[in-house]
S.K.: 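I am attaching a structure below and will ask some questions about it afterwards.
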Amino acid sequence: MSFVRTYTKPRVFAAAVLGSLVVGALLGVVARQTEAGWLTDLLDQIGTIFTTLLQIAVIPLVFTAIVVGINSLRGLGGGRTAARLGGKTVLWFAITSFIASLIGIAVGRIFNPGAGGLGGVTATAKNADKAAKSVDHWGSWDAFVKGLLPENFVKAFSDGETLQVLFLALVIGAAAYSLGDRAKPFVDFTTSVFEIIQRYLGWIVRLAPIGIIGLIGAAVSNYGDALFRPLFSTTLAVYVGCLLVLFVVYPILLQFVAKVSPLKFFAKAGTAIQFAFASQSSAATLPLTRQSAVNLGVQPAYAAFATPLGSATKMDGCAAVFPAIAAIFVANLAGVSLNFWQYVGIVVVAVVGALATAGTTGWLTAFTLTTSFIGLDAKQVALGLALIYSVNPIMDMMRTATNVAGQIVVPTIVARSEGLLDDEVLDSPTDNPLHTDDGSAARHTEPEPAPA
């Protein structure tokens, strides 16, 4: 399967991203200091357009990627092989989520965000209203279960319900897999749509530096010191927790379980992680995530299954590190000391509730599910959420980068354990996740379907 080619080299892209962050922040400061409303509006419009262009592709990308991924497993063996691969993938999702949640708790206890109140800082009315509605909508397991099943096929897509679309994709993909050659026209059509979406996203990647200027500039202009001062300890704790997972936990697993050099991993996955940091969207990063796994030697058929599943359900940043720290933050605001079983509850939600984080509201769902599961007061949860909204753009960058790294690490680990990791590809110099040369393209073709 071919992938779109990007005009940048990974190092050039990294430099462009970093440069855009600096330029955006400077423009935001200028807009805020000079009270140039037109500049703030312009930055906001640029960021909104970029985000909208990304989100357009999220729902069709999730559906087509899951369906294509499930049916790609046909080339790796029968139904038992597919089930084993799926089971191992989900198991490693749970293991890494467990570790990440423990790190989140430890970092949260050390930084103790929200202790002693926030020194008179209050949530804006807009954020408070948004938080109250969010808690009502996302704050219970009952709401999650009801939100899993769509009323009808079309409504799930038109309403942008990522979790429902994921559910439909899993069911339809499994049904197509069971039909074998009889479903081949449908699978071929879905594959073509998937390729088209990837080409579209490849074009949007080129706009990332411009989009980043708008996103960062608007955030700094609108929030100013609120991004760094009142909630600094919470933001810093999230960054430290995610960085520990990203640069300590993952490298250890890669080195000793997957037998893959962490340096090679970051060289080949770096562009995907950087784009995730900038775009704040695991789904929009999916084409880069998938090709990064392939460039690391993961068998393409398995990568086509594991990475789209991970983009919707594997979120160590949003669903493990962050909710643990945020729960401690809310508890401190309420003057409540969490007990041992409440900490256990945080870990349980991180491990078994990953599916609930599907879509762009992943952090929000994880936050409300965790805080409600361990019994924190709903009013305090709404207050904490309203305050977090003001720093969320900055937090979400690090959370999403961690999510995407985990979505590449787990397939690499499972592929090694199943003999599906090609060391020749791993050792090759290819490090651009949107580019495969002619030699590697031949190696990366999808296997012929086995008879049904």
Side-chain angles (χ1 to χ4, degrees), residues 1-4 54-79 81-83 85-86 89 148-150 152-204 281-291 293-294 298-314 355 358-359 407 411 433-434 436 441 444-452:
M1 185 178 291
S2 62
F3 285 82
V4 296
L54 288 175
Q55 295 307 318
I56 287 172
V58 167
I59 293 297
L61 180 65
V62 169
F63 179 82
T64 56
I66 292 291
V67 171
V68 171
I70 289 174
N71 285 273
S72 294
L73 293 176
R74 185 181 305 282
L76 301 179
T81 300
L85 284 171
T89 303
L148 177 63
L149 301 176
N152 61 68
F153 186 91
V154 176
K155 193 172 186 298
F157 282 81
S158 62
D159 290 350
E161 295 289 349
T162 309
L163 184 58
Q164 295 179 1
V165 171
L166 173 66
F167 174 80
L168 289 171
L170 289 170
V171 173
I172 293 172
Y177 183 95
S178 69
L179 288 172
D181 288 341
R182 286 175 289 173
K184 191 174 186 300
F186 169 74
V187 174
D188 288 344
F189 172 76
T190 306
T191 301
S192 295
V193 175
F194 180 49
E195 292 281 0
I196 291 170
I197 296 169
Q198 289 190 104
R199 176 60 62 90
Y200 165 81
L201 284 172
W203 292 339
I204 302 306
S281 173
S282 294
T285 312
L286 177 56
L288 289 82
T289 306
R290 183 175 185 266
Q291 190 62 46
V294 171
V298 177
Q299 220 282 348
Y302 171 59
F305 164 76
T307 53
L309 180 63
S311 73
T313 64
K314 175 57 184 166
L355 185 62
Q407 292 157 18
L434 284 182
T436 52
H444 293 164
T445 54
E446 303 292 351
E448 292 294 325

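As the structure is a prediction and not an experimental result, all values here were calculated from the model.
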S.K.: Work out which heavy atom in Val294 is nearest to a heavy atom in Ala303; give both atom names and the distance.
M.R.: CG2-CB, 3.9 Å

S.K.: Under 3.5 Å, which donor-acceptor pairs link side chains of residues 60-68 to any protein atom two or more places apart or in another chain?
M.R.:
| from | atom 1 | to | atom 2 | distance (Å) |
| --- | --- | --- | --- | --- |
| Thr64 | OG1 | Pro60 | O | 2.8 |
| Thr64 | OG1 | Leu61 | O | 3.4 |

S.K.: Got a sec: does the CZ of Phe153 have more than 12 other heavy atoms crowding it under 6.0 Å?
M.R.: yes

S.K.: Determine whether Ser311 and Thr285 make a side-chain contact, defined as any pair of heavy atoms from C-beta on separated by less than 4.5 Å.
M.R.: no

S.K.: Hey, what do you get for CD (Gln299) to CG (Leu85), rounding to the nearest 0.5 Å?
M.R.: 10.0 Å

S.K.: Which residues pass the side chain to side chain contact (heavy atoms under 4.5 Å, CB included) test with Ala176, not counting sequence neighbours?
M.R.: Asn71, Ala183, Phe186, Val187

S.K.: Any side-chain heavy-atom pair from Val171 and Phe167 closer than 4.5 angstrom?
M.R.: yes

S.K.: Measuring from atom CG of Leu286 to atom CD of Gln407, what distance do you get when rounded to the nearest 0.5 angstrom?
M.R.: 8.0 Å

S.K.: Find the distance between NZ (Lys184) and CG (Asp181) and round it off to the nearest 0.5 Å.
M.R.: 7.5 Å

S.K.: Identify the heavy atoms of Ala156 and Val165 that sit nearest to each other, and give their distance.
M.R.: O-CG2, 3.8 Å

S.K.: Which heavy atom in Ala304 sits nearest to a heavy atom in Pro308, and how many Å separate them?
M.R.: O-CG, 2.9 Å

S.K.: Using every non-hydrogen atom in the two residues, find where Ala306 and Thr89 come nearest and quote the distance to one decimal.
M.R.: CB-CG2, 4.3 Å

S.K.: List for me each residue that meets side chain to side chain donor-acceptor pair (under 3.5 Å) alongside Thr307, sequence neighbours excluded, and say none if there are none.
M.R.: none

